[in-house]
Amino acid sequence: MAQITAKLVKELRERTGAGVMDAKKALVEVDGDMDKAVQYLRDKGMAKAAKKADRVAAEGLTGVYVNGNVAAITEVNSETDFVSQNDKFVNLVNEATKTIAEGKPADMEAAKELKMADGTTLDQSFVNATATIGEKIVLRRFALEEKNDDQEFGAYQHNGGQIGVITVLEGADAATAKHLAMHIAAMSPKVISPDELDDQFITDQLAVMNHKIDQDNESRALVHKKPLPHLVYGSAKQLTDDVLAKAKEDIKAELKEEGKPEKIWDRIIPGKMQRFIDDNTQVDKQFAVLSQDYIMDDSKTVGEFLKEKGAKLVAFQRYEVGEGIEKKQEDFAAEVREQDRKSVV
């Protein structure tokens, strides 16, 4: 039987990232054959990963990497936020994102076959990480954005990587592109323009907003405050010429009823019309970035800010760790009761 030296164990650990005892056990099992030991650990890692496959991994980090005219954004998940701060995990996120930016895979299957810096496939690297770290580690998703030489990337990560953003701007400098990425990180838009919002989505969100108004009105009634009116429209897409014309006529009727002299109506109507538009584009303001108030100067919208800069937002990607994943709800009281029950039995 071959002698298992410290040098062999060290070499195997460097190639696989395995712990000391796992590396030594693997070498013993294959009689010191390095290549077989690597395969042994991979097989064991896959088995461990399979056992963890049903666990919910909703913590983790985003990764952002710019490689010339290509930028990649990733979300890598772990089971706990403690593990997501582990140096091995952080390095894996960074390396995987860099590999994807450089490899430009067409889909997840192609991404899994990309070679990492140490020669292992990206897929195997995640299997190894699951075995080494002891939690389910997965590449949940990635996106690529490309630009031309006349465009700028904005890259930003917030809260230690919990949120990652890439923007692509035309006619702007790098600082403007990054500032917009910071806005998107904070305000979480879904689309660039209201034109991209689906009609049913607008209707559904308007219903959500009116439900919130109903709840607010219940509280207002308790303190004898006037109820807030329901929103009739939610997007500029719904404000047709006929709708705007009727709003203008309603404003004129209101001014007449209030006894305002007709000669000053032209000074009052534009402000009231703008208020009508603002009140009836709340879905746009929540979900379309160009309609949102710019977070660094809320006297203007993002669209107005970009127009002043002579810039155009071409594309953006925003990832937030765990969004859309149903996390396991821990009932600590029930857990304590169960442990107490077992101790009695």
Find out whether V289 and H183 are in side-chain contact, i.e. whether some heavy atom of one side chain is under 4.5 Å from a heavy atom of the other. yes
Crowded around K147 NZ? As in, over 12 foreign heavy atoms under 6.0 Å? yes
Answer whether the closest heavy-atom distance between the side chains of H179 and Y294 falls below 4.5 Å. yes
State, with a plain yes or no, whether a side-chain heavy atom of V165 is found less than 4.5 Å away from one of Y319. no
Show the numbers, then the answer: is there a side-chain hydrogen bond (donor to acceptor under 3.5 Å, both in side chains) between D297 and S299? CA-CA 5 Å; D297 181 358; S299 69; 2.6 Å; yes
Non-hydrogen side-chain atoms of Q286 and M209 separated by less than 4.5 Å: yes
With a 3.5 Å cut-off and no angle check, do the side chains of Q282 and D284 form a donor-acceptor pair? no
Does some side-chain heavy atom of I73 sit less than 4.5 Å from a side-chain heavy atom of F142? no
Is it true that the side chains of D123 and T121 contain a donor and an acceptor less than 3.5 Å apart? no
Report yes if some heavy atom in the side chain of F316 is under 4.5 Å from a heavy atom in the side chain of P189; otherwise report no. yes
Among T97, T99, N94, T62, the one residue meeting side-chain contact (heavy atoms from CB on, under 4.5 Å) with T74: T97
Greater than 12 external heavy atoms within 6.0 Å of D241's CG: no
For the residue pair E145 / Q317, report whether a side-chain donor-acceptor contact shorter than 3.5 Å exists. yes
Do we see a donor-acceptor contact under 3.5 Å between the side chains of N69 and D149? yes
Would K178 and E152 satisfy salt bridge (Lys or Arg N to Asp or Glu O under 4.0 Å), going step by step from the backbone distance to the final call? CA-CA 9 Å; K178 182 171 182 179; E152 285 287 348; over 6 Å; no
E323 with R141: basic N within carboxylate O range, under 4.0 Å: yes
Determine, stepwise, if the pair K136 / E79 fulfils salt bridge (Lys or Arg N to Asp or Glu O under 4.0 Å). CA-CA 6 Å; K136 180 180 179 181; E79 294 177 49; over 6 Å; no
Please tell me if the side chains of L144 and I100 come closer than 4.5 Å, counting only heavy atoms from C-beta onward. yes
Give me the atom names and distance for the closest heavy-atom approach of L306 to L169. CD2-CD2, 3.9 Å
Exercise: do S188 and E320 side chains pair donor with acceptor under 3.5 Å: no
Quick check against the 3.5 Å criterion: does E218 have a side-chain atom that pairs as donor or acceptor with the backbone of Q215? no
May I ask you to check whether D118 and T120 show a side-chain donor-acceptor distance below 3.5 Å? yes
N/O donor-acceptor pairs under 3.5 Å from side chains in residues 102-112, not counting sequence neighbours:
from, atom 1, to, atom 2, distance (Å)
E102, OE2, K98, NZ, 2.9
D107, OD1, E109, N, 3.3
D107, OD1, A110, N, 2.8

N-O pairing of D216 and K212 below 4.0 Å: yes
Ion pair K300/E308, N-O distance below 4.0 Å: yes
Pairs of donor and acceptor atoms involving the side chains of residues 260-269, under 3.5 Å and at least two apart or interchain, shall be tabulated with distances.
from, atom 1, to, atom 2, distance (Å)
K260, NZ, E258, OE1, 3.3
W265, NE1, K260, O, 3.1
W265, NE1, P261, O, 3.4

Please check if atom NE2 in H230 has more than 12 non-hydrogen atoms from other residues, nucleotides or ligands closer than 6.0 Å. yes
Does the salt bridge (Lys or Arg N to Asp or Glu O under 4.0 Å) test come out yes or no for D199 and K237, once each step is laid out? CA-CA 9 Å; D199 290 344; K237 290 177 67 176; 3.1 Å; yes
Compare all side-chain heavy atoms of Q238 with those of V243 and state whether any distance is below 4.5 angstrom. no
Is it the case that more than 12 heavy atoms not belonging to R220 sit under 6.0 Å from its CZ atom? yes
Between T176 and A172 (side chain of the first, backbone of the second, donor and acceptor by atom type, cut-off under 3.5 Å), is there such a pair? no
Between the side chains of N128 and S125, does any donor sit under 3.5 Å from an acceptor? no
Would one find more than 12 heavy atoms of other residues, nucleotides or ligands at under 6.0 Å from atom NZ of K312? no
N-O pairing of K246 and E249 below 4.0 Å: no
